[in-house]
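Remember, it's a predicted structure, so these values are computed and weren't measured experimentally.
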Amino acid sequence: VDEVPGGWLASASTYDVGDRSYGLLLRSDDGRYWRQMLPPDPCVATGIGRVTSDVGPPTRFDGRWYVTYDCANLSIPEFGVVYVGDAGARGFEPVEATARDGVSFGDPVVAGDRLIIPEFGDDGLVAVTTIR
């Protein structure tokens, strides 16, 4: 859980419903009531098979919040999105996406004046997205 202006921001990546596992990004003003901040799960919207989604930890960089979202389904390539949110974490929008077999985003890492978002496959690092 991270403190943001006027509240709290948290990711939850093991929310299971039936045969699906959802990742959520949640925001609360008071710590008691939480609301989902990312759009509905894009993998669930496709309606194909078992889906597992994961939301990485929120990362603050250059006055904004970044979070990675990945979903996997055995019949399609893994799909990942990087979302950026305003300083108060009250709104998020997609800024980067990937869809590759067996590849998913790692957690964002702040390195000096850059935000680095790795993509990992079965054999290790595949690509790196850098935001300045």
| pair Val55-Val67: side-chain heavy atoms closer than 4.5 Å | yes
| said: Apply the hydrophobic cluster definition, ILVMFWY joined by side-chain contacts under 4.5 Å directly or through others, and give me every member besides Val110. | reply: Phe61, Tyr66, Val82, Val84, Val95, Phe105, Leu115, Ile117, Ile131
| request: Indicate yes or no: at least one non-hydrogen side-chain atom of Trp8 is less than 4.5 angstrom from one of Trp34. | output: yes
| query | So, for Gly56 and Asp107, which heavy atoms are closest and what is the spacing to 0.1 Å? | reply | CA-OD1, 3.8 Å
| request: Indicate the atoms forming the closest heavy-atom contact of Pro57 with Pro108, along with that distance. | output: O-CD, 4.3 Å
| Which pair of non-hydrogen atoms, one from Asp70 and one from Gly80, has the smallest distance, and what is that distance? | OD1-CA, 3.5 Å
| field | Nearest non-hydrogen partners of Leu26 and Ala12, listed with the distance | value | CD1-CB, 4.4 Å
| note | For residues 114-132, the salt bridge (charged side-chain N to carboxylate O under 4.0 Å, His left out) pairs (sequence neighbours left out) are Arg100-Glu119
| said: Donor-acceptor check, side chain of Ser28 to backbone of Tyr33, threshold 3.5 angstrom: yes or no? | reply: yes
| said: Once salt bridge (charged side-chain N to carboxylate O under 4.0 Å, His left out) is applied, what residue pairs with a partner in residues 24-36 remain, sequence neighbours excluded? | reply: Arg27-Asp29, Asp29-Arg90
| said: If you compare all heavy atoms of Ser11 against all heavy atoms of Pro58, which two are closest, and at what distance to 0.1 Å? | reply: OG-CD, 3.9 Å
| note | Sequence neighbours excluded, the answer for side-chain contact (heavy atoms from CB on, under 4.5 Å) partners of Asp62 is none
| query | Distance from Arg64 atom CZ to Tyr83 atom OH, nearest 0.5 Å? | reply | 15.0 Å
| request: Would you check if Leu25 and Leu9 make a side-chain contact, meaning some heavy-atom pair closer than 4.5 Å? | output: yes
| field | For the student: nearest non-hydrogen atoms of Val1 and Ala10, plus distance | value | CG2-CB, 3.9 Å
| request: Please round to the nearest 0.5 Å and tell me the distance separating atom CH2 of Trp65 and atom OG1 of Thr59. | output: 8.0 Å
| request: Check which hydrophobic residues are tied to Leu125 through side-chain heavy-atom contacts below 4.5 Å, counting indirect links as well, and list them. | output: Ile116, Phe120, Val128
